[in-house]
Amino acid sequence: MSLTEFSDIDWVTEEAAEFAHYWRSLVIGGNIPRQSDFNPAAIPHLLPGIAIYEKRSEDEVTCRLMGTGLAENFGQDITDQNVLDIWAEESRGAAAIAMGQMLERPCGLLAKTIGYTESGAAMSSLTAGFPALNGDGQANRLLFHTSDMEYSGSRNPREDRVLRIEAPWQTLISID
């Protein structure tokens, strides 16, 4: 998949643009930042939509932190679980590859996601993500922000959890 220049991205939402520009402000000398460089106090209003993942292997990406807004909208908190398990089976491989690319190239990601609930309701959202280093300097952390969550119909998330996610489109972002 080819990369789109950071300056050419239509961030769609103000929140995605703010998250992306905040992450970019952490990049020093072309190096991706450490997760510890990420200061929640700098963007407190975005915290409910933030998730931090750790890539442990090709097929395991553990959720280390899930913002309260995400947990509420998903109807569950997937902290300490493999985030790939919630992806639709036909999309799981592509999601794993995209997350791997973010760390290997490195690059960012902007994606439209759709979460399907137990009752069949659909929740669409916009997700922006960028790589980060762990405390040992290894590129295995992914910082994401999800915004623009919309539902088809009404639902009580605590009684109608999101069971699977798909991404109808995604764009890899050059961070050079």
Quiz item: Counting N and O atoms only, with roles assigned by atom type, does the side chain of Asn82 sit under 3.5 Å from a partner on the main chain of Asp59, one being a donor and the other an acceptor?
Solution: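 Yes: the side chain of Asn82 pairs with the backbone of Asp59.
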Quiz item: So, Tyr22 side chain and Asn39 main chain: donor-acceptor pair closer than 3.5 Å or not?
Solution: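 Indeed, once roles are kept as given, a pair shorter than 3.5 Å links the two residues.
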Can you find a heavy atom in the side chain of [X] that is under 4.5 Å from one in the side chain of [Y]?
| X | Y | answer |
| --- | --- | --- |
| Glu5 | Ser174 | yes |
| Pro106 | Ile32 | yes |
| Val83 | Thr62 | no |
| His145 | Glu15 | yes |
| Glu18 | Leu46 | yes |

Quiz item: Do Leu126 and Met66 share a hydrophobic cluster (ILVMFWY, side-chain heavy atoms under 4.5 Å, transitive)?
Solution: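 Looking at the clustering, Met66 is in a separate group from Leu126.
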Exercise. Please assess Phe144 against Phe19 for the test ring-ring contact (aromatic ring centres under 6.0 Å, His included), listing each intermediate value before the final yes or no.
Key: CA-CA 9 Å; Phe144 276 92; Phe19 178 76; 8.2 Å; no
Exercise. Tell me whether the guanidinium CZ or amine NZ of Arg161 lies under 6.0 angstrom from the six-membered ring centre of Phe74 and within 45° of its axis.
Key: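 The answer is no, since Arg161 fails at least one limit relative to Phe74.
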Self-check item: Exercise: identify the closest heavy-atom pair between Arg24 and Asp176
Solution: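 Scanning both residues, the minimum pair turns out to be NH2-O, 3.2 Å.
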Quiz item: Under 30°, 30 to 60°, or over 60°: which ring-plane class applies to Trp23 and Phe130, parallel, tilted or perpendicular?
Solution: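 Judged by the thresholds at 30° and 60°, the geometry between Trp23 and Phe130 is parallel.
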Quiz item: Salt bridge between Arg164 and Glu166, side-chain N to carboxylate O under 4.0 Å?
Solution: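 Judged by the 4.0 Å cut-off on N to carboxylate O distance, Arg164 and Glu166 do form a salt bridge.
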